[in-house]
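Contents: one structure, followed by commentary.
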Amino acid sequence: MAAAGTSGKTLEERLRLIEDRFAIYDLIARHPSSADTGAGEFVASVWAEDGVFDRGAEFPRPSGRAAIAAGSSNPEHHRAIEQGIAHFAGLPYVRIEGDRAVAISYLQILVPDRVGPIFEVPNHGASQGFHVHRVSANRWEFVRTSEGWKISRRTLRPLDGSAEARDILKSALEG
Amino acid sequence: MAAAGTSGKTLEERLRLIEDRFAIYDLIARHPSSADTGAGEFVASVWAEDGVFDRGAEFPRPSGRAAIAAGSSNPEHHRAIEQGIAHFAGLPYVRIEGDRAVAISYLQILVPDRVGPIFEVPNHGASQGFHVHRVSANRWEFVRTSEGWKISRRTLRPLDGSAEARDILKSALEG
Amino acid sequence: MAAAGTSGKTLEERLRLIEDRFAIYDLIARHPSSADTGAGEFVASVWAEDGVFDRGAEFPRPSGRAAIAAGSSNPEHHRAIEQGIAHFAGLPYVRIEGDRAVAISYLQILVPDRVGPIFEVPNHGASQGFHVHRVSANRWEFVRTSEGWKISRRTLRPLDGSAEARDILKSALEG
């Protein structure tokens, strides 16, 4: 097949890059569903064996697929789920280089309000509403394996004015 | 055209799958604009003739394109729009199988605060802010028709700790 | 290469349309990172030379790449960043026509709460939470240049019930 366009890539290579990108979109898109159901087995299936999940000094920093899956499905996490919780993912920025990829995305964690007035919105019912517990910057690192793309590292920092969150965001602006 | 890659699909088939996915992204991406303007005619154009929109026991459950469009553009809904309302869609997870597709997505509904203090953010003006009325799990079912992809069923449940919302999210983790 | 499918486009043309779309997704996906770090140089690199950024009568309306970059990285904006701020982008709707493209997207601006109670969410730590300062409708206009897709115009209006925001959203429902 002939090289195509300015990029010097074949159609096959370009198509593969697109499919890679969708695979990575889907890993990010499924994360809230997995977090909000405490799906340990699924979590284990999407991480690389030696993956690292870093939420900052405030939290444990599990290393290895099994430890990350355990942290995502422990009793404390299931308590959060029973009280109601929503991980909400924005549009990610994705950069793929061969068998490695990086994505920068934003994540909200929301919880139902348990106190305060009930608001009625016409045609949309009554609700106490939800509270945005945290908004964070995410840096995802992915690696292509024989079983598809896996998460090799995820770094998450709250957007509360701290330099660490800004450093994550700045890495989206390179290249 | 030769079969390509490990998937056994031709370039044409792979390209079509990508275009299908974008068609479905666009159906989800246009939903907030249609909901926040009460665009009944548009709503009718994106639903399958026998579509079902299920928001749970608390709400009516319109069946058929015309009933769904009517529910999305009724006077009560337009009252919500005039008071200010924003449907906000997160990154969806999409799975396509032939002429059927399923997407799981998160949706926020926000309304402007009408009470409480005004906050000034430097360079971003003053505002009473917005209140997150509800965060919901969405299950979208799509069908390919001679007029393109249409919504055949949409199920929406609030992420308030209830099992129904979690069941929707779990269906994103299969396969 | 043979024409493919019902669209009458070649594989090369279809592939290019997909790559164009991803280039535009990435411009929208990187915007929050650039806004939340005050990255003037990056801002200048993604706008067309004669771009216009219109946030409504309440705000200045910079015209030209240099003025827009200056407005995105001025001391007042950096003060907002130091206090904590998050621009949060929803899934955009994108329409490409040759060397022009339009996208309609939703944007939240959130800031950390500085007053009020601290909420503890099991497994997710303690936080005063974030406040949704504004939810806006965005209309992005893009132009293809010899250096790739650039933003030629961006119009942003709060979804507070005003007609101007609804007019932006309605433009997503055409075509």
Side-chain angles (χ1 to χ4, degrees), chain A residues 1 11-12 14-16 18-19 21-22 25-39 41-43 45-46 80-92 105-108 110-114 116-117 119-132 146 148, chain B residues 2 4-5 7 11 14-15 17-18 21 25 38 55-56 58-59 71-72 74-83 85 87-88 90-95 103-111 114-115 131-137 158-162 165-174:
Chain A
M1 194 168 303
L11 288 184
E12 168 62 31
R14 291 163 71 191
L15 209 40
R16 177 152 180 179
I18 293 162
E19 291 167 343
R21 184 185 266 255
F22 279 137
Y25 277 17
D26 276 352
L27 280 169
I28 298 173
R30 291 169 110 178
H31 162 254
S33 290
S34 109
D36 295 336
T37 57
E41 210 174 314
F42 177 83
V43 170
S45 77
V46 295
I81 290 169
E82 272 145 40
Q83 292 173 12
I85 190 165
H87 289 70
F88 195 99
L91 183 72
S105 70
Y106 282 65
L107 178 71
Q108 291 184 25
L110 301 105
V111 291
D113 283 330
R114 297 291 176 206
F119 289 99
E120 168 90 29
V121 177
N123 214 30
H124 292 80
S127 170
Q128 273 178 317
F130 283 69
H131 177 78
V132 181
S146 56
Chain B
S7 59
L11 288 184
R14 292 163 71 191
L15 210 40
L17 206 51
I18 293 162
R21 183 185 267 255
Y25 276 16
R55 291 196 282 165
E58 194 187 337
F59 295 101
S72 303
N74 63 22
E76 206 195 352
H77 190 84
H78 276 279
R79 202 146 47 83
I81 290 168
E82 271 146 41
Q83 292 174 11
I85 190 165
H87 288 71
F88 195 99
L91 183 72
Y93 169 66
V94 174
R95 197 158 47 210
I104 307 297
S105 70
Y106 282 65
L107 178 71
Q108 291 183 27
I109 298 176
L110 301 106
V111 291
R114 297 291 179 206
V115 293
H131 178 78
V132 181
H133 182 65
R134 202 161 290 180
V135 188
S136 299
L159 283 156
D160 55 7
S162 67
R166 285 204 296 275
D167 287 345
I168 290 176
L169 301 181
K170 279 175 191 163
S171 71
L173 308 179
E174 298 157 7

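To find a chain, count down the sequence lines: A is the first, B the second, and so on, and within it residues start at 1.
Relative ring orientation between B:F88 and A:F88 is described as tilted, the plane-to-plane angle lying within the 30° to 60° band. Relative orientation of the B:H87 and B:H77 rings is tilted, given thresholds of 30° and 60° on the angle between their planes.
Heavy atoms closer than 4.5 Å to chain A are found in the backbone of B:L107, but not in its side chain. Proximity to chain A (any heavy atom under 4.5 Å) is shown, for B:I18, by both the backbone and the side chain. If you measure heavy-atom distances from B:E174 to chain A, the contacts under 4.5 Å come from the backbone alone. Heavy atoms closer than 4.5 Å to chain A are found nowhere in B:D167, neither backbone nor side chain. For B:F59, the part sitting under 4.5 Å from any heavy atom of chain A is the side chain, from C-beta outward, and nothing else. With a threshold of 4.5 angstrom between heavy atoms, B:V135 approaches chain A through its backbone and through its side chain. Proximity to chain A is limited to the side chain of B:Q83, based on heavy atoms less than 4.5 angstrom apart.
In terms of heavy-atom pairs under 4.5 Å with chain B, the best-connected choice from A:S45, A:P32, A:G90 is A:P32. Between chain B and the residues A:E41, A:E82, A:H124, the most heavy-atom pairs under 4.5 angstrom are made by A:H124. In terms of heavy-atom pairs under 4.5 Å with chain B, the best-connected choice from A:A80, A:A39, A:S34 is A:S34. Of the listed residues (A:L27, A:D36, A:V46, A:V132), the greatest number of heavy-atom pairs within a distance under 4.5 Å of chain B belongs to A:D36. The candidate from A:G129, A:G84, A:P122 with the greatest count of non-hydrogen atom pairs under 4.5 Å with chain B is A:P122. Across B:D160, B:L173, B:L159, the residue that shares the most heavy-atom pairs under 4.5 angstrom with chain A is B:L173.
When side chains are defined from C-beta on, A:L110 counts as touching B:Q108, because their heavy atoms get closer than 4.5 Å.
Seen from the ring of A:F42, A:R30 does not count as a face-on cation partner, given the 6.0 Å and 45° thresholds.
The shortest heavy-atom contact between B:R166 and A:T37 is O-CG2, 3.7 Å. Between B:P158 and B:S136, the closest heavy-atom pair is CA-OG, 3.7 Å. Taking every heavy atom of both residues into account, A:S33 and B:I104 meet most closely at OG-CG2, 4.0 Å.
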### Task
Give the C-alpha distance, both sets of side-chain angles, the deciding distance and a yes or no for side chain to side chain contact (heavy atoms under 4.5 Å, CB included) between B:H131 and A:D113.
CA-CA 11 Å; B:H131 178 78; A:D113 283 330; 4.2 Å; yes
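With salt bridges taken as basic N to acidic carboxylate O contacts below 4.0 Å, none links B:R21 and A:E19.
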